Amino acid sequence: MVLYSHEGEIRTIDFDVDGLNIITGKSKTGKSAIIDIVDYCLGRGSFNVAEGAIRKKVAWFALHLTKGEDEVLIARDNPGPGASTGSKVYLQRGTIDRFPELDEIEKNTTENSLKAFATRFAGIVENEHRPSTGSRDPLEANIAHALWLCFQKQNTIASQDQLFHRMNEQFLPQALKDTLPFFLGAVDEKHFLLMGELDDLQRRLRELEGRQNQQSQAVQTNRNRVTRIVNEGKRTGLIPQDYQPVDDSVFSYLAEVAKTEVSAAGVVPDFGETIERLRGEQSTLQARLGELNQDLRAARSFLSDQTAYSREASEQRARLKSVGLYKSGDGAIQNCPLCENDLEHPIPAASALNASLENVERQLQGVYRESPHIQTHITELEGQISNATEALRLTQGELNRAVSEDQSAREAQSQLVARARYLGRLSDFVEVFEPTDTDSAVAEETDEVRKLIAAVKERLNNDETASKLETILSFISEKMTDYSQHLDLEHSGSSLRLDLAKLTVVANTEDGPIPLSRIGSGENWVGYHVVSHLALHWWLRRRERPVPAFLIFDQPTQAYYPPDSEAGGLDEIELDADRRAVRALFELMQQACNEIESPFQLIVLDHAHLREDWFETAIVEEWRGQKALVPRDWPDAT
């Protein structure tokens, strides 16, 4: 680790690449900040070092990383007091003979690029966890997920509820559950190649199913249109009324109907002129017939009146002829013939009566002469009426025939036009909607893609992955149980296992499984954290998994030392049992470092300082007195 002051001074902390590395010292010397600095330099977005001297005195933080013969220097600027993250990243790759001076460091990449580079440098290849349900998006493991297995901060290592780094943050526990199978090796690169192939096939299947769905909708639409086009053909008389479209043969049938020849529509001869003429004649005849009937009624009325007059006149003549019984006289009779008295009104003379009789006879003779003429006139009128009635009947018959013929002609013409229009639409329908070979080709390709997907899924074999993960966890559990026997922990004689569903340690006892949250005392919590993570890294290095080959414990002995401890010696611990526990804890770490395959770097940040040769050899730096992570004489930022 390299730190730069604002004036260009350089502070380096050199760790051994393999084995146990101990930084011991009293509190408030910056030990706990090391995890935050490493996390920040490896791409974390936020800078979480506590406010204080580190934020004020350091200009840049840097890590010198090695991976075989490959080396890289990653540096990030200190955001300073009150800031959450920096904006500058410097990256140098290749053999690092010396660390660059402050004026040589300048931004040459971005935070996102740094994270992507650190992911590749750790060996994390293309991968993606796909949840079994659609409630979560796919998750690709990166350097941030891997580092959760590499850090044990002071508040985490002594927690009964939190086994892994940052698992108290929202969504992160599920992300760790999703990525652990990859980091442990339950799924490998071949698995993700198959997953990529499966993605491509499923994408192609969705496209084909979409096309099939469109075709299915088109087929249903075609069926409705076929029904309508057939019914229309029945109305025009081109398709028999009993024809029913039952299968795709309807398209070939309709294609034949579309070839039907339509004769030219008949022409209506006069387009209603004859009808109008006949209607005019009908009106004329009806008017003439009305006039004749009126004349006939007048003649008959006149004849009737003449007959009544003749009858009255004849009666009067008969009365007047009685005068012939008396003698003729010229004078009027003034006296009554019987009593000879004078008459008030004299009786007319016989000559006067005879004159009246002659007048009546003359009038009767005139009536008799006119009567045959009136009768003849009536007869003529009746003949004319009969002729006019017959002419009207004939005209009305011709009019009805003309109207019928005109309507039939027009209907025939409309029918021919309707057929011609229908055949035009039918030709377009057959051309557009007739099934094609493309439809069957899509169905065949869809079936083929489904078979390929089934084959890839069979090769993926999720059941085999689950079985493989269970086997891996059983190996880790055996190593956890083995390590726990070196510590005086509660249930240490029981079988231990990692519960990935709940991200905790479980002790399988005769009384049943007991999770870490139900195991008491800080000593037990620290001990189970240590054995779990050592066993995990034993497996990760054994299988060369892409997780950084370092593990950092912060204050694993915090449960044993009193708050005012200065030197960190065992003599500052009151109980013999606690002193034995601290020694056993560090001895386990030393033993695990010797056992875990190289490269593996265990960094312990602690208060303890055991007066043992192997412990002294493992100490990288001791920060007591004026010594600390950041030299106290470094100036604050201006």
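Predicted model only: the values in this text are computed from it and were never measured.
- When atom types are taken as modelled, the side chain of Asp39 and the backbone of Ile35 share no donor-acceptor pair closer than 3.5 angstrom.
- Within the 3.5 Å criterion, the main-chain N or O of Asn155 finds no donor-acceptor partner in the side chain of Ser159.
- Here the side chains of Phe121 and Lys67 are in contact, with some heavy-atom distance below 4.5 Å.
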Could you walk me through whether Tyr483 and Gln485 pass the side chain to side chain donor-acceptor pair (under 3.5 Å) test, one step at a time? CA-CA 5 Å; Tyr483 285 158; Gln485 293 174 358; over 6 Å; no
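- Within a 6.0 Å radius of NZ in Lys502, other residues, nucleotides and ligands contribute 12 heavy atoms or fewer.
- Residues Phe164 and Phe151 keep their aromatic ring centres 6.0 Å or farther apart.
- The backbone N or O of Tyr528 lies less than 3.5 Å from a partner atom in the side chain of Ser532, making a donor-acceptor pair.
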Can Asp554 and Lys153 be said to form a salt bridge (Lys or Arg N to Asp or Glu O under 4.0 Å), step by step? CA-CA 5 Å; Asp554 184 18; Lys153 297 188 75 172; over 6 Å; no
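- Below 30°, between 30° and 60°, or above 60°: for His529 and His533 the angle between ring planes is below 30°, a parallel geometry.
- You'll find the side chain of Leu184 reaches within 4.5 Å of the side chain of Leu473, heavy atoms only.
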Evaluate side chain to side chain contact (heavy atoms under 4.5 Å, CB included) for Ile596 paired with Leu540, printing each intermediate quantity in order. CA-CA 9 Å; Ile596 296 174; Leu540 294 172; over 6 Å; no
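- In summary, the side chains of Ser113 and Thr110 do present a donor paired with an acceptor at a separation below 3.5 Å, with no hydrogens or angles considered.
- Remark: side-chain polar atoms of Gln241 are paired, donor with acceptor, to backbone N or O of Lys234 under 3.5 angstrom.
- Partners of Lys115 under the side-chain contact (heavy atoms from CB on, under 4.5 Å) rule, at least two apart in sequence or in another chain, are Asn142, Ile143, Ala144.
- Outside the 6.0 Å centre-distance limit, the rings of His537 and Phe550 are not counted as a close aromatic pair.
- Cation-pi geometry between Arg545 and Phe182 is satisfied (NZ or CZ under 6.0 Å from the ring centre, within 45° of the ring normal).
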Using the side chain to side chain donor-acceptor pair (under 3.5 Å) rule, take Asp161 and Ser517 through it: C-alpha gap first, then chi angles, then the decisive distance, then the call. CA-CA 5 Å; Asp161 300 314; Ser517 60; 4.9 Å; no
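- No side-chain donor-acceptor contact under 3.5 Å links Thr504 to the backbone of Pro515.
- Of the possible polar contacts, one joining the Lys177 side chain to the Ala501 backbone as a donor-acceptor pair under 3.5 Å is found.
- In this view, Val89 and Arg76, Thr109, Leu114 satisfy the side-chain contact (heavy atoms from CB on, under 4.5 Å) rule, not counting sequence neighbours.
- Looking at Arg93 and Asp70, a side-chain N of the basic residue comes within less than 4.0 Å of a carboxylate O on the acidic one, giving a salt bridge.
- A donor-acceptor pair under 3.5 Å is formed between the side chain of Gln601 and the backbone N or O of Asp16.
- Between Glu523 and Glu490 the shortest side-chain heavy-atom distance does not fall below 4.5 Å.
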Side chain to side chain donor-acceptor pair (under 3.5 Å) assessment of Ser46 paired with Asn48: CA-CA 6 Å; Ser46 61; Asn48 297 293; 3.1 Å; yes
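- With sequence neighbours excluded, the residues that form a side-chain hydrogen bond (donor to acceptor under 3.5 Å, both in side chains) with His64 are Glu71.
- No donor-acceptor distance shorter than 3.5 angstrom exists from the side chain of Thr66 to the backbone of Gly68, with no hydrogens or angles considered.
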